[in-house]
Amino acid sequence: MEEEIKKIKEKAIEEISQISDLLSLENLKRKYLGRKGLLREILQKITQLPEKERPKIGKLINQIKTDLEKIIEEKKTSIYSLESKVEKIFDFTLPPQKIFFGHLHPITQVKNEVTEIFQSMGFEVLEGPEVETDWYNFEALNMPIEHPARDVWDTFYINQKSKIKNSKLLLRTHTSNMQVRVMEKRKPPLRICVIGKCFRHEATDQTHEHTLYQIEGFAVDEKISLANLIYTIKNFLNALYKKEIKIRIRPGYFPFVEPGIEIDMRCENCQGRGCSVCKNSGWIEILGAGMIHPKVFESAGYPKGKYTGFAFGVGLDRLVMMLYKIDDIRWLHSGDLRFIHQF
Ligand code: FA5
């Protein structure tokens, strides 16, 4: 039996010398030293030996076990150091990998510029909730339930009610939701700008998205006029595009202003000659605006007849389209890196 044990040791050492990876080494350890390993097997046979030989053989098996464990540990260390050397080998002849640096999305870039322009004109720039109550999005803006104008701003409803007036919750359709929110907390004079995301149940096309950004502006004081509104819009557009922008003013209906207007700018995509973006008209609608309706002041709790104010809501995505001559609004939210890397 002594001979047999020594042969096992020699064979194990021979096999260890040929191993070059950790997995094979682990398998070998199990084969010789494991619970069902060769040494354990031979240890069980020890009872077949005459009693006086047993201690000697038992000692030999233990000694071989200790030796093999040591050899296996040394082998493990040498495999580790070999692997880390291999990792350090660097092939300088390989072509470099191209690194792409991230940057701000064009909408965010323009949003930041718009913020600076309105701040320079004395407006305070705020954000507002995207999940809104029916009250602030519609009712407080003179659009009671069943008002036909609500159809234009159909949206996504949330199956839950708010604590505010037990009102239904929805995704806001415009940044006008912030008008009454701000007015009920503050007294005029107000010069407020709100920039943020809005949502609509919309069939998308080249100039319409279901998710869009708007810039709301409103000013409330004792003598605000329509002329102040038009001056503000013109100054804003000229500052953003760094040139004189041609605009066209049309009457427009919004229940929360009286009178209401809509403003188009000359299509920058075709310089007004006509293209698919402006539907060959040479003009693109960028905002709705007007003088704040007395019903809105009433919702905010302002005294009747004391204040006047203007309000406007601009489509930020359309401004971005005009700035960079983008022919389809859907590129902006596509997440397509081939598009994004161009800015
Ligand atoms: C409104 O949202 C009003 N809240 C604007 C307003 C504010 C009027 C204050 C009076 C006083 P309208 O739905 O027209 O109005 O949208 C305003 C602008 O947002 C549009 O002129 C357009 O530039 C942009 N817009 C509207 N719908 C979309 C859409 N689906 N995709 C992209 N831009 C849109």
Side-chain angles (χ1 to χ4, degrees), residues 107 110 114 128 132 136-138 140-143 147 149-156 170-183 190 192-220 224 226 228-230 232-233 236-237 240 245 247-265 267-268 277-279 281 283-297 308-323 326-333:
I107 291 181
V110 178
V114 169
E132 185 51 288
Y136 288 116
N137 196 76
F138 290 125
L141 296 176
N142 196 25
M143 278 181 280
H147 192 295
R150 283 180 175 227
D151 288 353
V152 186
W153 292 294
D154 194 13
T155 183
F156 305 92
L170 45 82
L171 297 189
R172 72 170 171 195
T173 55
H174 50 184
T175 39
S176 302
N177 68 322
M178 282 297 281
Q179 289 185 19
V180 172
R181 273 187 178 274
V182 173
M183 284 185 219
L190 297 176
I192 303 292
C193 172
V194 181
I195 310 179
K197 220 185 257 178
C198 309
F199 309 86
R200 295 188 182 185
H201 182 244
E202 188 90 64
T204 66
D205 61 25
Q206 259 178 291
T207 53
H208 292 85
E209 256 292 11
H210 50 71
T211 303
L212 59 134
Y213 282 82
Q214 279 194 343
I215 308 155
E216 188 86 4
F218 55 95
V220 184
I224 297 280
L226 200 60
N228 298 144
L229 166 65
I230 291 163
T232 306
I233 300 288
F236 160 63
L237 291 175
L240 181 65
I245 291 293
I247 59 167
R248 185 170 81 163
I249 303 174
R250 299 178 279 113
Y253 172 67
F254 303 93
F256 36 98
V257 288
E258 182 56 42
I261 57 171
E262 281 179 295
I263 295 186
D264 306 330
M265 67 178 272
C267 180
E268 286 293 305
V277 180
C278 60
K279 300 194 185 75
S281 69
W283 297 95
I284 181 146
E285 181 204 311
I286 51 160
L287 68 97
M291 297 305 291
I292 297 175
H293 198 285
K295 285 268 187 196
V296 177
F297 289 140
T308 53
F310 69 66
F312 59 85
V314 192
L316 176 61
D317 313 61
R318 290 197 190 167
L319 294 184
V320 177
M321 287 176 77
M322 291 294 105
L323 201 58
I326 296 164
D327 63 4
D328 196 316
I329 195 170
R330 289 165 292 196
W331 280 115
L332 287 169
H333 298 274

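First listed ligand is number 1; within each ligand, the first listed atom is number 1. We count residues from 1, following the sequence as given. This structure is a prediction, so every number in the text was calculated from the model and none was measured.
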Engineer: Would you name the heavy atoms of E262 and G288 that are closest together and state the gap between them?
Structural biologist: CG-CA, 4.3 Å
Engineer: For ligand 1, would you mind listing the residues that have at least one heavy atom less than 4.0 Å away, ordered by chain and number?
Structural biologist: W153, H174, S176, Q179, R200, E202, T207, H208, E209, L212, Q214, E216, F254, F256, V257, E285, I286, L287, G288, A289, A311, F312, G313, G315, R318, I329
Engineer: Who pairs with Y136 by side chain to side chain donor-acceptor pair (under 3.5 Å), at least two apart in sequence or on another chain?
Structural biologist: E184
Engineer: Going by the rule side chain to side chain contact (heavy atoms under 4.5 Å, CB included), which residues pair with V257 if we only count those two or more places apart in sequence or in a different chain?
Structural biologist: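 V257: side chain to side chain contact (heavy atoms under 4.5 Å, CB included) contacts with F254.
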Engineer: Quick one: sort the H147 and Y253 rings into parallel, tilted or perpendicular, breaks at 30° and 60°.
Structural biologist: parallel
Engineer: With a 3.5 Å cut-off and sequence neighbours excluded, list the donor-acceptor pairs that the side chains of residues 311-318 form with protein atoms.
Structural biologist:
unit_1: D317; atom_1: OD1; unit_2: Y213; atom_2: N; d: 2.6
unit_1: D317; atom_1: OD2; unit_2: H333; atom_2: NE2; d: 2.9
unit_1: R318; atom_1: NE; unit_2: T207; atom_2: O; d: 3.1
unit_1: R318; atom_1: NH1; unit_2: E285; atom_2: O; d: 2.9
unit_1: R318; atom_1: NH2; unit_2: T207; atom_2: O; d: 3.0
unit_1: R318; atom_1: NH2; unit_2: H208; atom_2: NE2; d: 3.2

Engineer: Rounded to the nearest 0.5 Å, what separates atom CD1 in I292 from atom CZ in F256?
Structural biologist: 10.5 Å
